[in-house]
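This report refers to the structure that appears directly beneath it.
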Amino acid sequence: MPELPEVEVISRGLAESLEGKTIESVKILNHSSVKMPWYLFSSRVAGEKITRVHRRAKLLIMDLGEDLHITFHLKMTGRVLAHEGPTTPETHTRIVFGLTDGSSIEFHDTRKFGEVRALNNDELQEWDFYKNLGPEPLEVTAEELAGRIVGRKAQIKGLLLNQSVVAGCGNIYADESLFRAGIHPKAKASDLSKESLVKLFFELQAVLKLAIQENGSSIRDYVDAGGDAGGFQNSFKAYGKKGEKCPDCGKVFEGATVAGRSSTFCSDCQKMKD
DNA sequence: AAAGTAGCCTGGAAGC
DNA sequence: TGCTTCCAGGCTACTT
């Protein structure tokens with residue numbers, strides 16, 4: 001499930017192979033992947049040059065000239081792959097972009113949760129989801145991020161997953177940063193000191209940077225733009241470790257649903273309040 | 001305001 | 001073996 005580091009790695013890979021290339025054709029194999037009238041999507045995109053590939057939160061964005069952007073939200077199983085030649089569609093191939101140099105881009109998405117759009121500048125800025133995104137966690141300080149949730153009564157994990165609080169954090173990096181900061185996922189932000197919250201976001205930043213260095217985390221479906229797996233899953237300390245022993249104290253990791261997500265934590269090392 | 005839940009999907013794993 | 005059930009999870013919408 002791609003979160004910020006995975007989308008960042010995909011974006012960097014695609015930027016290298018796609019910037020400067022021109023889209024010639026669009027073949028939509030699954031219409032529900034395109035969250036706008038399909039003919040509008042196709043007609044907007046065909047013939048345009050890919051000027052830049054970048055990322056905002058978990059969105060992969062391809063700029064087409066000055067006033068058009070393809071946005072990919074990969075959700076759980078989406079992949080965007082750059083092929084040197086044409087794409088031979090498989091069962092889960094949802095969209096194929098043919099490029100004028102004979103190469104192609106494949107949007108592959110087993111579970112069809114992914115969402116693709118082609119928006120002009122105004123539409124992008126007015127899109128509620130985009131408009132409400134919080135800051136990029138690697139572009140502001142941990143203090144600034146902590147300041148956004150000081151005193152809030154919600155569970156800390158829910159706040160981390162809330163894209164309008166901080167952009168790009170998902171279940172993996174939420175569990176990992178909470179463990180590293182020694183904070184229980186059900187702790188209320190208002191029960192934690194500013195210092196603890198700063199520590200939490202500092203750990204989130206550290207874990208995101210580390211994951212980008214390791215090419216992302218591969219669990220189930222994630223691969224980078226070239227189809228290769230990441231390596232950060234080997235560095236998980238808490239995520240998915242329910243039933244295993246905490247590396248710090250030896251107590252067995254517990255599991256619970258928090259903010260609607262499966263969560264793993266050590267009830268000894270992770271505190272509910274300061 | 002916060003929190004719980006259903007729904008969207010599919011396939012791999014676990015259980016019987 | 002073969003069937004059924006469970007689970008994963010980003011995000012929205014709706015209810016409590």
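So that the names make sense, note that chain A is the first sequence line, chain B the second, and so on, each numbered from 1. As the structure is a computational prediction, the values presented were derived from the model and not from experiment.
Using a 4.0 Å cutoff on non-hydrogen atoms, the parts of residues 151-167 of chain A near DNA chain B are A/R152, A/K153, A/A154, A/Q155, ordered by number.
Taking a cutoff of 4.0 Å between a charged side-chain nitrogen and a carboxylate oxygen, A/R12 and A/E8 qualify as a salt bridge. Electrostatic pairing of A/E123 and A/R44 counts as a salt bridge here, judged by a charged N lying under 4.0 Å from a carboxylate O. Salt bridge A/E136/A/R56: present, at least one basic N to carboxylate O contact under 4.0 Å. Salt-bridge check for A/D268 with A/K251: passed, with a basic side-chain N closer than 4.0 Å to an acidic carboxylate O.
Side-chain nitrogen and oxygen atoms of A/R261 include at least one within less than 4.0 Å of the OP1 or OP2 phosphate oxygen of C/dG10. In terms of phosphate contacts, A/H92 brings no side-chain nitrogen or oxygen within less than 4.0 Å of OP1 or OP2 of B/dC9.
Rounded to whole Å, the distance from CD on A/E90 to P on B/dT10 is 16 Å. Atom CG in A/L74 sits roughly 11 Å away from atom C1' in C/dG10 (whole-Å rounding). The distance from atom CG of A/L29 to atom P of B/dC9 is 17 Å, rounded to the nearest whole Å. What separates CZ of A/F236 from P of C/dA8 is a distance of 14 Å, to the nearest Å. To the nearest angstrom, P of C/dA8 lies 23 Å from NZ of A/K112. Note: CZ (A/R79) to P (B/dG11) measures 13 Å, nearest angstrom. Taking atom CZ of A/F113 as the reference point, atom P of B/dG7 lies 12 Å away to the nearest angstrom.
The shortest distance between side-chain heavy atoms of A/I23 and A/I70 falls below 4.5 Å.
When distances run from any side-chain atom of A/K75 to the nucleotides C/dC11, B/dC9, B/dT10, the shortest one goes to C/dC11.
Counting only residues at least two apart or in different chains, ring-ring contact (aromatic ring centres under 6.0 Å, His included) contacts with residues 178-198 of chain A comprise A/F179-A/F253, A/H184-A/F265.
As judged by a 4.0 angstrom heavy-atom cut-off over every strand, A/S262 is placed among residues touching the sugar-phosphate backbone only.
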